[in-house]
Asker: 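Below are the structure tokens for one structure; questions will follow.
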Amino acid sequence: MTGLEAVIFDVDGTLVDSERDGHRVAFNAAFEEAGLPDRWDVTTYGGLLSTAGGGKRLARWLERAGRPADEARELAAVLHERKTAIMRVLVEEGHIRARPGIHRLIDELDNHGVPMHVATTGTRAWVEPLLDRVFGDRFGVVVTGTEVPDLKPSPAVYLEVLHRLGTGPEGVVAVEDSANGVRAATAAGLVCVATYNTYTRDDDLSAATLVTPDAADPAFTAWFRDRLRATVRPA
Ligand code: XBP
Ligand code: MG
């Protein structure tokens with residue numbers, strides 16, 4: 001068994017529960033403010049999550065409703081900017097919380113000196129305040145959807161983290177929650193462990209080395225403890 005060189009975390013659905021009561025609420029508020037009749041209920045939103053990136057999700061929705069592609073893209077950009085600002089407020093008001101077992105895992109990795117990083121499709125303007133507020137200063141490299149041209153399932157965001165670290169994927173583990181995320185991480189050559197949530201429980205996560213409901217699951221905890229035991233760090 002090999003030790004852990006680093007762990008790279010996804011954000012939405014992995015570090016935090018943010019989709020149903022965070023992003024979805026912010027998208028709906030942006031629709032309302034713009035005077036549009038569109039609203040995404042819990043089930044409808046789940047069906048839209050296979051499109052990574054809020055701006056792309058909006059553009060696809062508007063196009064499917066019959067708007068020409070150019071108009072859909074422009075309106076999506078305006079709505080997404082407003083949605084991002086609303087999401088930031090939800091973050092600052094403390095509505096977005098860590099998923100079960102995540103704080104304990106982060107503490108344990110920190111205590112063993114394992115570097116932690118972030119690779120997300122989300123937008124930097126809300127990701128940064130969220131990480132600061134919920135986790136403090138725990139993450140080294142943070143790459144968001146704002147910095148990469150291709151979103152998950154493209155491996156671009158993971159490859160950018162590795163590039164900034166100046167390292168290859170050996171010994172680096174990704175933690176993900178969705179089919180898009182697992183595909184992105186494994187395509188970057190990383191070992192990926194997955195925790196699922198109500199939106200991703202039926203996703204194809206079969207390329208992940210381990211799949212559990214959350215990071216508090218005994219199998220998840222044991223998997224990391226085994227690797228931490230094999231991790232020897234210079235004193
Ligand atoms: C998350 C996403 C994001 C969020 C919304 O995917 O796809 O688009 O749903 O955030 P992952 P933005 O967890 O795989 O990174 O509106 O900022 O895109
Ligand atoms: Mg995710």
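Order of appearance sets the numbers: ligands from 1, and atoms from 1 within every ligand.
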Asker: Taking both backbone and side-chain atoms of Thr123, is any N or O found less than 3.5 Å from an N or O belonging to ligand 1?
Answerer: yes
Asker: With a 4.5 Å limit on heavy-atom distance, are the side chains of Thr14 and Arg99 in contact?
Answerer: no
Asker: Is the closest heavy-atom distance from Gly181 to ligand 1 below 4.0 Å?
Answerer: no
Asker: Side chain or backbone of Glu19 under 4.0 Å from ligand 1, or both, or neither, by non-hydrogen atoms?
Answerer: side chain
Asker: Would you mind finding which of Arg57, His80, Lys152 brings a heavy atom closest to atom 2 (C) of ligand 1?
Answerer: Arg57
Asker: Nearest to atom 15 (O) of ligand 1, what protein heavy atom do you find, and at what distance?
Answerer: Thr121 N, 2.9 Å
Asker: Got Arg225 and Thr221 here, is their nearest side-chain heavy-atom distance under 4.5 Å?
Answerer: yes
Asker: Just by distance, do the side chain of Thr44 and the backbone of Trp40 share a donor-acceptor pair under 3.5 Å?
Answerer: no
Asker: Which ligand 1 atoms, with their elements, are less than 4.0 angstrom from a heavy-atom of Thr120?
Answerer: 15 (O)
Asker: Taking the basic N atoms (NZ, or NE/NH1/NH2) and the acidic carboxylate oxygens, is any pair closer than 4.0 Å for Arg183 and Asp204?
Answerer: no
Asker: Sorted by first residue and then second, give each side-chain hydrogen bond (donor to acceptor under 3.5 Å, both in side chains) pair with at least one member in residues 162-172; sequence neighbours left out.
Answerer: Glu160-Arg164
Asker: Touching ligand 1 at all, Asp10? Heavy atoms, strictly under 4.0 Å?
Answerer: yes
Asker: Using a 3.5 Å cut-off on N or O atoms only, is Gly54 in polar contact with ligand 1?
Answerer: yes
Asker: Quick one, Phe135 with Phe9, criterion side chain to side chain contact (heavy atoms under 4.5 Å, CB included). Give me CA distance, side-chain angles, the key distance, then yes/no.
Answerer: CA-CA 12 Å; Phe135 302 104; Phe9 287 95; over 6 Å; no
Asker: Would Gly122 count as a contact of ligand 1 if the rule is a heavy atom under 4.0 Å away?
Answerer: yes
Asker: Is there a donor-acceptor contact under 3.5 Å from the side chain of Thr195 to the main chain of Asp177?
Answerer: no
Asker: If you measure from CD on Glu147 to OG1 on Thr120, what distance do you get to the nearest 0.5 Å?
Answerer: 10.0 Å
Asker: Do Val11 and Leu130 have side-chain heavy atoms sitting under 4.5 Å apart?
Answerer: yes
Asker: With nothing but distance in play, are any N or O atoms of Gly53 less than 3.5 Å from an N or O of ligand 1?
Answerer: yes
Asker: Under 2.8 Å from the Mg ion (ligand 2), which protein N, O or S atoms do you find? Ignore water molecules.
Answerer: Asp10 OD2, Asp12 O, Asp177 OD1
Asker: I want to check a possible cation-pi pair here: Arg227 against Trp223, using under 6.0 Å from ring centre and within 45° of the ring axis as the test.
Answerer: yes
Asker: To which protein heavy atom is atom 10 (O) of ligand 1 closest, and what is the distance rounded to 0.1 Å?
Answerer: His23 CE1, 3.4 Å
Asker: With a 4.0 Å cut-off, would you call Arg104 and Asp107 a salt bridge?
Answerer: no
Asker: Using a 4.5 Å cut-off on heavy atoms from C-beta on, say whether the side chain of Tyr45 contacts that of Glu19.
Answerer: yes
Asker: Does the residue Lys56 have a heavy-atom contact with ligand 1, meaning some pair of atoms that are separated by less than 4.0 Å?
Answerer: no
Asker: Looking only at distance, does Lys83 have an N or O less than 3.5 Å from an N or O of ligand 1?
Answerer: yes
Asker: Would you say Thr84 contacts ligand 1, with heavy atoms under 4.0 Å as the rule?
Answerer: no
Asker: To check your reading of the model: name the closest protein heavy atom to atom 1 (C) of ligand 1, its residue, and the distance in Å.
Answerer: Asp12 OD2, 3.2 Å
Asker: Just checking Glu71: does its CD atom have more than 12 heavy atoms from other residues, nucleotides or ligands closer to it than 6.0 angstrom?
Answerer: yes
